[in-house]
> 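One structure is given below, represented as structure tokens, and several questions about it will come after.
Both backbone and side-chain heavy atoms feed into the values below; hydrogens, waters and symmetry mates do not. In what follows, every chain begins at residue 1, and chains take the letters A, B, ... in the order their sequences are listed.
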Number of protein chains: 2
Amino acid sequence: MPTGGATTYTGPVEDYLKAIYELERSTGSAATTDIAHRLEIAPASVTGMIRRLADQRLLDYEPYRGVRLTETGLRVALRTIRRHRVIETFLVRVLGYSWDEVHAEAERLEHAVSDALVDRMAAALDEPTVDPHGAPIPTREGTVDEAHYASVEELAPGERARVVRVSDEDPARLRYLGSLGLTPGVTVMVAARAPFDGPITLRIGSGRRATQQVVGPSLAHSLLVERLRTPHRPPHRPPHRPPQRPPHGPPLGPPG
Amino acid sequence: MPTGGATTYTGPVEDYLKAIYELERSTGSAATTDIAHRLEIAPASVTGMIRRLADQRLLDYEPYRGVRLTETGLRVALRTIRRHRVIETFLVRVLGYSWDEVHAEAERLEHAVSDALVDRMAAALDEPTVDPHGAPIPTREGTVDEAHYASVEELAPGERARVVRVSDEDPARLRYLGSLGLTPGVTVMVAARAPFDGPITLRIGSGRRATQQVVGPSLAHSLLVERLRTPHRPPHRPPHRPPQRPPHGPPLGPPG
DNA sequence: AAATATAATTAGCCAAGCCTAAAATTCTAC
DNA sequence: GTAGAATTTTAGGCTTGGCTAATTATATTT
Ligand SMILES: [Mn+2]
Ligand SMILES: [Mn+2]
Ligand SMILES: [Mn+2]
Ligand SMILES: [Mn+2]
């Protein structure tokens, strides 16, 4: 657990707050089962924990209605996320880790480093603003630039874009993306799309070193990009897309 | 907790094993109250924990008779100590920590780093053999060169020696030692000794940059040295020394 | 609107690590 | 060899963070 002058929290508490932050951001709300799934624990355990977190004023909790981070909870979440991402960046840039190895290590170290150590790592890296997966690093003061990006899944044929961010949790997926050359900063162009959630053919890179690869909708969904000026850009038309995750659970219900 | 293929242990368990290792080494045995004092917890808590550690075959425990590390317990202790010392060395050499700041940080990180990370840090440091306080770093394979050194307290007037190791737990003491120039590698000579556990006057360094300082018996005790060939070295005669720690507790009884 | 499905909570349990107070054991002195 | 001191263990309790099974609340169908 970090020592740093202020109150300290246990590893599990920090992981809950991080998970809730991410869920609030991406789906607008954090339901008990979402948290449980994310942390790979039983829903009943989540109920117990969020009651305690609510007692500590880290979140607002209305039974059966979900939770929301308080100001304090948000601050703790962002501090933990900053630690995680600074650590990942340090491991890659200073110790030669590959981008698929750092997440698990950071997931543990984020609870053990002091604020002073994070600051020293950040300074040694010249105050990085994004981690190796393109995720923004919150500042010491607790602000983040959480721009929301399109995913490759949303690009129309012919559109060009720059990869800005990929999901960092699955090492195998990261290795695969790496092998395709799909890393932040790289330019891609949608060469073709099969209908009905079919595979997307991407032109990766530019000029003579460009390659062409086919990615499935799941991979395309986790590849976040920034659109580039494209000659003859067609009007924005989201691709045909039936309800999410058909084989698994039902959708999560409307946010809020 | 470290992930590394093998079984993993909790932070508290690793700290117990480390403490027991150090106690066995320095006093020959590890008594319940010694462990309690070292870890700053109540003796009753120690009894509970060592019973569990004995169940796990990490140590042999005979009630009222103390404990001894098993082969397995020793291995875990040395692995943790290796982590601690590699981390300390890394923090000093790569991140610019001073030697009084690293112990607390390493005390937490030692339980969170993976074997892979320790190996990478060690490689980046060119496989260091001693930490910033002069303590030997166990190898990956679990061997240590635990030479036993004399302390400055044991030096006779006129003897010359090289500082090889200092106790790393008290930051204030480390800062003071640093301010006197008493760091591993430095040469010292006992210029004078006051009798009855009195202060020791040391000539620190050599040549024109040498300084002279007076240290008390407590500080002298924690300064470990290697004797150097000295002109006219007097026969080995330990200084007059009444029973250890007179004001505190009684001595620990014979080892074994 | 009732039936069903899903989500969430409650009830009761457990292990790890800590605590204090009381009892037991061992050591030390006389 | 016994009294007193010190050490160690036992007894009983607490918090954290998990679990399963059962129940209750909410959503979705029909
Ligand atoms: Mn974590
Ligand atoms: Mn990341
Ligand atoms: Mn420790
Ligand atoms: Mn050290």
Side-chain angles (χ1 to χ4, degrees), chain A residues 1 7-20 23 27 29-56 58-68 108 111 243 245 248-256, chain B residues 1 7-20 23 27 29-56 58-68 108 111 243 245-256:
Chain A
M1 278 80 271
T7 324
T8 66
Y9 300 92
T10 63
V13 164
E14 290 180 337
D15 282 338
Y16 269 86
L17 296 174
K18 250 189 1 169
I20 293 164
L23 287 167
T27 73
S29 70
T32 300
T33 42
D34 295 345
I35 301 169
H37 188 254
R38 190 102 168 185
L39 298 176
E40 298 185 88
I41 58 187
S45 305
V46 172
T47 302
M49 178 64 113
I50 62 186
R51 216 187 18 234
R52 267 184 293 144
L53 296 177
D55 290 347
Q56 293 177 55
L58 290 167
L59 43 80
D60 293 324
Y61 168 45
E62 208 177 336
Y64 292 100
R65 286 286 140 102
V67 300
R68 283 210 55 186
R108 281 174 283 106
H111 314 295
R245 318 193 241 161
H248 280 70
L252 298 167
Chain B
M1 280 87 259
T7 325
T8 65
Y9 300 92
T10 63
V13 164
E14 291 180 338
D15 282 340
Y16 270 86
L17 296 174
K18 248 187 3 167
I20 292 164
L23 287 167
T27 73
S29 70
T32 301
T33 42
D34 295 344
I35 301 168
H37 188 254
R38 190 101 167 187
L39 299 176
E40 299 186 89
I41 59 188
S45 306
V46 172
T47 301
M49 178 64 111
I50 63 186
R51 215 184 22 232
R52 267 183 294 142
L53 296 178
D55 291 346
Q56 294 176 56
L58 291 167
L59 43 80
D60 293 324
Y61 168 45
E62 210 178 335
Y64 292 101
R65 284 288 139 101
V67 299
R68 282 207 61 180
R108 281 174 283 106
H111 314 296
R245 318 193 244 161
H248 281 72
L252 298 167

> Would you mind reading off the distance between B:L23 atom CG and D:dT7 atom C1', rounded to a whole angstrom?
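To the nearest whole Å, that distance equals 15 Å.
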> Rounded to whole angstroms, how far apart are OH on B:Y64 and C1' on D:dT8?
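Interatomic distance, OH of B:Y64 to C1' of D:dT8: 5 Å.
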> Reckon B:Y61 has a side-chain N or O less than 4.0 Å from the OP1 or OP2 of D:dT9?
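It does, given that an N or O in the side chain of B:Y61 lies less than 4.0 Å from OP1 or OP2 of D:dT9.
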> How would you list, by chain and number, every residue that makes a side-chain contact (heavy atoms from CB on, under 4.5 Å) with A:T47, sequence neighbours excluded?
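Applying side-chain contact (heavy atoms from CB on, under 4.5 Å) to A:T47 gives A:T32, A:Y61.
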> Take atom CZ in A:R68; do more than 12 heavy atoms of anything else shown fall under 6.0 Å from it?
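At most 12 heavy atoms, drawn from other residues, nucleotides or ligands, come within 6.0 Å of this atom.
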> What is the minimum heavy-atom distance between B:V46 and B:Y16, and which atoms define it?
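Minimum heavy-atom separation between B:V46 and B:Y16: CA-OH, 3.9 Å.
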> Compare side-chain N and O positions of A:R51 against OP1 and OP2 of C:dT9 and report whether any pair is under 4.0 Å apart.
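Checking C:dT9 against A:R51, no side-chain N or O comes under 4.0 Å of OP1 or OP2.
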> What one-letter contact string describes nucleotides 11-19 of chain D from 5' to 3', where B marks a base within less than 4.0 Å of any protein heavy atom, S marks contact via sugar-phosphate atoms alone, and - marks no contact?
-----SBSB
> Output the rounded distance in Å from CZ (A:R65) to P (C:dT9).
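Going from A:R65 (CZ) to C:dT9 (P), I get 11 Å.
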> Check the distance between C:dA16's C1' and B:L58's CG and give it to me in whole angstrom.
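So the two atoms are 15 Å apart, to the nearest Å.
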> So do the side chains of B:R38 and B:I20 get within less than 4.5 Å of each other, counting heavy atoms only?
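Heavy-atom side-chain distance check fails, nothing below 4.5 Å.
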> Report yes if at least one side-chain N or O of A:T47 is closer than 4.0 Å to OP1 or OP2 of C:dT10; otherwise report no.
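Result: no.
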> Only counting residues at least two apart or in another chain, list the ones meeting side-chain contact (heavy atoms from CB on, under 4.5 Å) with B:A44.
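For B:A44, no residue satisfies side-chain contact (heavy atoms from CB on, under 4.5 Å) once neighbours in sequence are set aside.
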> Please report the distance, rounded to the nearest Å, between CD1 in B:I50 and C1' in C:dA16.
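In whole Å, C:dA16 C1' lies 16 Å from B:I50 CD1.
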> Can you tell me if A:T32 touches the phosphate of C:dT9, counting only side-chain N or O atoms and a distance under 4.0 Å to OP1 or OP2?
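A:T32 to C:dT9 OP1/OP2: side-chain N or O found under 4.0 Å.
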> Between D:dT7 atom P and B:I35 atom CD1, what is the distance in whole Å?
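Distance check: B:I35 CD1 to D:dT7 P gives 14 Å.
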> Would A:L17 and A:Y9 count as a side chain to side chain contact (heavy atoms under 4.5 Å, CB included) here? Give the steps.
CA-CA 10 Å; A:L17 296 174; A:Y9 300 92; 5.5 Å; no
